[in-house]
Amino acid sequence: MQEKAVREIAGLLRKKPRVAVLTGAGISAESGIPTFRGKDGLWKQFRAEDLATPEAFERDPALVWEWYDWRRGIIAGREPNAGHLILARWEDELPGFVLITQNVDGLHRRAGSKNILELHGNIWQVRCLEESTVSDNFESPFPKIPPRCPACGGLLRPNVVWFGEALPRLILEQAQAACMTAELVFVIGTSAYVQPAASLPLVAAEAGAKIVEINPDYTPLSTYADHSFHRKAGEVLVEIDTALRDAD
Ligand code: BV8
């Protein structure tokens, strides 16, 4: 039954449709990076909803930075997995391919993806609270917590979107536009819990796109999926990509 679905999806991809992909923490799970809400562990004992907020940072910037510094340390030691690499290749092969991610770990970029809409920012960037300048920062661990802007001494924050903060408007608009025009949308490794990201696949479904969900668990999006693979992203993407090449 799933082989048939794999072949059908490979057949669709062969026609080079407009493809949009929405990824969440689950696509990095096979790289050894904890997810937020899946059974395979949380980020230490903290819930994102408790620390990924401006109020938590205001209250205790050092604690929030210790959490991000610890997460950066874990991510720094990990590599992109087969799922990330296949999506990077599909971007090269499929005109109009758009990758939308909720992840801040930077693994899609390290896998070779170029046109990435990072809805929630990037854990490898910092923003100066005084000057609002954003810069890359790969120090791991930070020599000093909380880190300060080398230019003005202002407090730095992670350049990520916290709960209660608006997503970058242009990036969200580009993601919405991609979902409105996509013919095939893959929803990979997200619990579809966090908004407004979780609504993007619904925008695509309402506009007539075929939805493929890849997640070992059921999610609120599963009922909208034309194909649901309740298995690991790396495995399913390899099967679809192999079927796609078999026809070459
Ligand atoms: C905003 C920060 C408004 C960076 C994160 C409706 C509309 C708008 C807002 C809301 C709304 N309803 C509620 C809200 C408020 C809120 C929200 O969604 N709250 C939740 C708790 C209900 N949303 C917001 O606050 C957003 N802001 O809308 O602001 C606004 C407008 C104008 C002006 C001012 C304000 C901001 C949301 C962004 C929050 N920041 N992170 C960081 O530290 O990481 S979100 C956090 O959750 C992560 O970034 C993560 O990306 C995101 C989603 O989690 P997932 O990626 O899905 O990960 P999860 O662990 O949940 O699931 C993993 C899945 O993978 C599981 O299903 C598992 O089964 C699966 N899996 C496991 N292994 C594998 C696998 N799948 C495949 N293969 C495997 N091997």
Side-chain angles (χ1 to χ4, degrees), residues 21-44 46-57 63-72 74-75 78 80-84 86-87 99-108 116-127 157-173 175-176 186-203 212-222 225 228-240:
V21 178
L22 172 68
T23 62
I27 193 152
S28 298
E30 287 150 273
S31 297
I33 297 179
T35 61
F36 291 87
R37 299 168 190 91
K39 55 184 167 309
D40 58 358
L42 209 50
W43 282 102
K44 252 187 181 170
F46 294 117
R47 292 181 339 128
E49 291 79 19
D50 298 335
L51 282 191
T53 71
E55 296 75 21
F57 191 75
L63 173 64
V64 173
W65 264 120
E66 270 156 30
W67 186 54
Y68 278 95
D69 195 35
W70 177 76
R71 289 174 58 189
R72 285 160 54 113
I74 288 198
I75 296 164
R78 299 295 192 275
N81 64 60
H84 295 107
I86 285 171
L87 293 179
L99 175 60
I100 305 161
T101 190
Q102 300 172 86
N103 298 344
V104 299
D105 60 27
L107 285 193
H108 283 304
I116 311 168
L117 297 176
E118 292 180 318
L119 297 177
H120 297 160
N122 190 309
I123 203 167
W124 298 109
Q125 290 174 339
V126 293
R127 187 161 83 228
R157 61 162 281 176
N159 191 41
V160 299
V161 180
W162 281 329
F163 288 99
E165 293 186 323
L167 276 61
R169 194 173 51 76
L170 182 60
I171 291 178
L172 182 56
E173 284 171 359
Q176 285 163 336
F186 290 84
V187 186
I188 306 172
T190 181
S191 59
Y193 176 64
V194 171
Q195 297 291 355
S199 298
L200 290 170
L202 303 184
V203 166
V212 178
E213 182 181 42
I214 307 175
N215 188 329
D217 288 355
Y218 281 81
T219 75
L221 291 175
S222 299
S228 266
F229 294 91
H230 292 299
R231 291 163 51 209
K232 294 182 175 180
E235 291 166 11
V236 176
L237 287 171
V238 164
E239 284 173 21
I240 294 173

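Small disclaimer: the values here were computed from a predicted structure and weren't measured. All ligand and atom numbering here is 1-based and tracks the order in the structure.
Taking distance alone, with nitrogen or oxygen atoms compared against 3.5 Å, A192 stays at or beyond that limit from ligand 1. For ligand 1, the polar-atom distance check against V161 finds a nitrogen or oxygen pair separated by under 3.5 Å. Checked against a 3.5 angstrom limit, the closest N/O atoms of F36 and ligand 1 fall inside it. Of the N or O atoms in G164, one or more lie within a sub-3.5 Å distance of an N or O in ligand 1. Between Q102 and ligand 1, an N or O atom pair is found at a separation short of 3.5 Å. Geometrically, ligand 1 and G189 share a nitrogen or oxygen pair separated by less than 3.5 Å. Where the criterion is an N or O separation shorter than 3.5 Å, residue side chain and backbone included, W67 fails it with respect to ligand 1. When only interatomic distances are considered, the shortest N/O to N/O separation between A25 and ligand 1 falls below 3.5 Å. Considering both main-chain and side-chain atoms, W162 never comes within under 3.5 Å of ligand 1 through any nitrogen or oxygen pair. The distance criterion of under 3.5 Å between nitrogen or oxygen atoms is met by R71 with respect to ligand 1.
No side-chain heavy atom of L107 sits under 4.5 Å from any side-chain heavy atom of N81. Annotation: side chain of R231 is not in contact with side chain of N215 (no heavy-atom distance under 4.5 Å). Looking at L63 and F57, their side chains never come closer than 4.5 Å, going by heavy atoms from C-beta outward. The side-chain heavy atoms of P216 and H230, taken from C-beta on, include no pair separated by under 4.5 Å. The closest side-chain heavy-atom distance from T219 to V187 is not below 4.5 Å. Residues I75 and R72 are not in side-chain contact: their nearest non-hydrogen atoms beyond the backbone lie 4.5 Å or more apart.
Close contacts between ligand 1 and A233 involve ligand atoms 77 (C), 78 (N), 79 (C) [criterion: under 4.0 Å to a heavy atom]. Distances below 4.0 Å separate heavy atoms of G24 from the following atoms of ligand 1: 56 (O). Remark: ligand 1 atoms within the under-4.0 Å shell around heavy atoms of P196 are 28 (O). The Y68 neighbourhood of ligand 1 comprises atoms 4 (C), 42 (C), 43 (O), with distances under 4.0 Å to a heavy atom of that residue. Every atom of ligand 1 with a heavy atom of E30 under 4.0 Å away is listed here by number and element: 78 (N), 79 (C), 80 (N). In the vicinity of V160, heavy-atom distances shorter than 4.0 Å reach the ligand 1 atoms 4 (C).
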After noting the C-alpha distance and the side-chain angles of N159 and Q125, does the key distance pass the side chain to side chain donor-acceptor pair (under 3.5 Å) rule?
CA-CA 5 Å; N159 191 41; Q125 290 174 339; 2.8 Å; yes
One pair to check against side chain to side chain donor-acceptor pair (under 3.5 Å): T23 and Q102. What are the steps and the verdict?
CA-CA 6 Å; T23 62; Q102 300 172 86; over 6 Å; no
Which is it for Q195 and S199 under the side chain to side chain donor-acceptor pair (under 3.5 Å) test, yes or no, and what are the steps along the way?
CA-CA 7 Å; Q195 297 291 355; S199 298; 2.6 Å; yes
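In this structure, of D217, L119, N215, the residue bringing a heavy atom nearest to atom 70 (C) of ligand 1 is N215. By heavy-atom distance, the residue among E235, E165, E49 lying nearest atom 27 (N) of ligand 1 is E165. Proximity annotation for atom 37 (C) of ligand 1: of N122, N159, V194, D105, V194 comes nearest, heavy atoms only.
G32 approaches I74 most closely through the heavy-atom pair O-CG2, 4.3 Å.
For the pair R71 and W67, the cation sits on the ring face: its NZ or CZ lies under 6.0 Å from the ring centre, inside 45° of the axis. A cation-pi geometry, defined here as NZ or CZ lying under 6.0 Å from the six-membered ring centre and within 45° of its normal, holds between R157 and W162.
Heavy atoms of other residues, nucleotides or ligands lying less than 6.0 angstrom from CZ of F163 number more than 12.
Under 4.0 angstrom from ligand 1, there are no non-hydrogen atoms of I27. Counting heavy atoms closer than 4.0 Å to ligand 1, residue Y193 contributes atoms from both its backbone and its side chain. In T190, the parts holding a heavy atom less than 4.0 Å from any atom of ligand 1 are both the side chain and the backbone.
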